[in-house]
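Structure first, commentary second.
Keep in mind that this is a model prediction, so the values were computed, not measured.
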Amino acid sequence: MINSIVNRHGRLTPYTETEINIIRSAVKLFLENGYTKTTFKMIEADSGVKIGNITYYFHSKEDLFKVLVEELMESHISVIDDVYNDVKDNVYAYAMEVTAQIALCENDKNAWDLYYSAYSLPHTFDHIKLWAEEKNYNLFKDDLPGWSEHDFRNIEVVASGIEFAALKTLCDRSFTLDKKVSVILDSLLMLYEVSKEKRTEVIDKILKTDYEKMAKDMFESFVKRLDGVDKPKE
């Protein structure tokens, strides 16, 4: 059973066994093939549940995908917590979480498809923005005492657009991964009024780490949380 998803959702409205079976197959297929290539036919074949019954519980593929996106965002919180507990620096923890996403999507095609789809689809994108608004409010509220939650909501409209732009523009010989990380982090941290000196310090520190390995480890840890779901193919 994919315990982490089932237990989290069970605090609201428990899933039925049929729903759990559908989710298990959909999550496995999304991780193996990406969102784009996964079809209801594939979910039907893997789960043994007819398409008509699948769409009774989940009206669209995006509804099923949102279950995975919610869990993926929770894994980002784990990254922030682990980094913050290690260095006690909220700016660095935020920057490393963003860096992990950038690096992962640059090196893993299926992961890129998952994130790109999540930012492209309306319901999953709305969830990401609301999640990020709360996350960044908790991270930066002490540094920005004059900001209201509404201010953080407004900034997230821009911040999520920058993150989506990072997904749409892949690296090449002139736009290296280090350069991409530097530009995106500098832009995002500027939105939260982080000083130039601090931005430079944090970015330089991150570029000295093996952030690509950290990103890979983050995604592998995320997959392991989904008990009973096969590891995505290399």
Side-chain angles (χ1 to χ4, degrees), residues 2 4-6 8-9 12-13 15 19-47 49 51-79 97-98 100-136 152-170 180 184 187-188 215 218-219 222-223 225-226 229 232-233:
I2 36 182
S4 55
I5 290 176
V6 172
R8 175 170 50 78
H9 192 272
L12 301 172
T13 305
Y15 285 123
E19 287 174 300
I20 292 170
N21 191 26
I22 295 167
I23 291 168
R24 181 186 293 113
S25 292
V27 165
K28 183 182 76 171
L29 292 166
F30 288 145
L31 291 173
E32 288 179 349
N33 305 296
Y35 173 82
T36 305
K37 293 181 180 179
T38 298
T39 65
F40 272 132
K41 276 286 189 184
M42 294 165 66
I43 297 170
E44 177 186 56
D46 191 88
S47 67
V49 180
I51 290 178
N53 287 333
I54 295 173
T55 56
Y56 172 80
Y57 291 106
F58 302 96
H59 300 310
S60 68
K61 192 170 72 165
E62 184 183 355
D63 288 340
L64 263 173
F65 185 48
K66 187 170 179 286
V67 175
L68 178 60
V69 171
E70 289 172 354
E71 194 70 14
L72 181 57
M73 293 302 102
E74 288 301 308
S75 75
H76 279 246
I77 294 295
S78 298
V79 171
E97 177 249 334
V98 173
Q101 177 174 312
I102 294 171
L104 174 65
C105 292
E106 202 65 42
N107 292 318
D108 186 316
K109 290 182 179 179
N110 280 346
W112 176 86
D113 183 84
L114 292 176
Y115 280 89
Y116 186 83
S117 298
Y119 276 80
S120 301
L121 298 165
H123 297 308
T124 51
F125 189 41
D126 284 344
H127 175 77
I128 289 170
K129 286 188 290 185
L130 288 172
W131 169 85
E133 172 198 331
E134 180 180 358
K135 179 241 328 180
N136 295 331
F152 280 91
R153 185 175 303 117
N154 290 341
I155 288 295
E156 185 51 39
V157 172
V158 179
S160 58
I162 292 172
E163 291 171 359
F164 189 31
L167 290 167
K168 294 178 75 171
T169 308
L170 298 178
K180 184 176 187 177
I184 297 300
S187 300
L188 290 172
M218 177 198 79
F219 196 63
F222 163 66
V223 173
R225 288 173 60 178
L226 305 178
V229 177
K233 297 175 182 178

Applying salt bridge (Lys or Arg N to Asp or Glu O under 4.0 Å) to E62 and K66, what does each step give before you reach the verdict?
CA-CA 6 Å; E62 184 183 355; K66 187 170 179 286; over 6 Å; no
What do the steps show when you test E133 against R153 for salt bridge (Lys or Arg N to Asp or Glu O under 4.0 Å), and what is the final call?
CA-CA 6 Å; E133 172 198 331; R153 185 175 303 117; 3.2 Å; yes
Considering non-hydrogen atoms only, spot the tightest contact between A26 and I43 and give its length.
CB-CD1, 4.0 Å
Please confirm whether the ring centroid of F58 lies under 6.0 Å from the ring centroid of H123.
no
Are the side chain of K180 and the backbone of T169 linked by a donor-acceptor contact shorter than 3.5 Å?
yes
On a heavy-atom basis, which atom in I51 and which in E44 lie closest, and how many Å separate them?
N-OE2, 3.2 Å
Is the backbone of I22 close enough, under 3.5 Å, to the side chain of S47 for a donor and an acceptor to pair up by distance?
no
The test is side chain to side chain contact (heavy atoms under 4.5 Å, CB included); show your working for Y15 and V67 and say whether it passes.
CA-CA 12 Å; Y15 285 123; V67 175; 3.7 Å; yes
Is there a donor-acceptor contact under 3.5 Å from the side chain of N136 to the main chain of F152?
no
Going through the distances and angles, do N21 and R24 end up as a side chain to side chain contact (heavy atoms under 4.5 Å, CB included)?
CA-CA 5 Å; N21 191 26; R24 181 186 293 113; 3.7 Å; yes
Just by modelled atom types, is the L29 backbone N or O under 3.5 Å from a matching donor or acceptor in the N33 side chain?
yes
Strictly distance-based, threshold 3.5 Å: is any side-chain N or O of N53 a donor or acceptor partner for the main-chain N or O of V49?
no
Of the non-hydrogen atoms in S117 and T124, which two are nearest, and what is the gap between them?
O-OG1, 3.9 Å
In W112, Y119, Y115, F30, the residue satisfying ring pair (Phe, Tyr, Trp, His ring centres under 6.0 Å) with Y35 is F30
Does F222 form a side chain to side chain contact (heavy atoms under 4.5 Å, CB included) with L31? I'd like the steps, not just the answer.
CA-CA 11 Å; F222 163 66; L31 291 173; 4.1 Å; yes
Side chain of K135, backbone of I77: donor and acceptor closer than 3.5 Å?
no
Quick one, S120 with F164, criterion side chain to side chain contact (heavy atoms under 4.5 Å, CB included). Give me CA distance, side-chain angles, the key distance, then yes/no.
CA-CA 8 Å; S120 301; F164 189 31; 3.5 Å; yes
Check whether any side-chain heavy atom of H76 lies under 4.5 Å from a side-chain heavy atom of M218, and answer yes or no.
yes
Any side-chain heavy atom of E163 within less than 4.5 Å of one from L188?
yes
Using modelled atom types and a 3.5 Å cut-off, is there a donor and acceptor pairing between side-chain atoms of K61 and backbone atoms of T38?
yes
Between Y116 and C105, is any pair of side-chain heavy atoms under 4.5 Å apart?
no
Tightest non-hydrogen contact, residues A215 and L104, listed as CB-N, 3.7 Å
List the atom of F219, the atom of A111, and the distance in Å for their closest heavy-atom pair.
CZ-CB, 4.3 Å
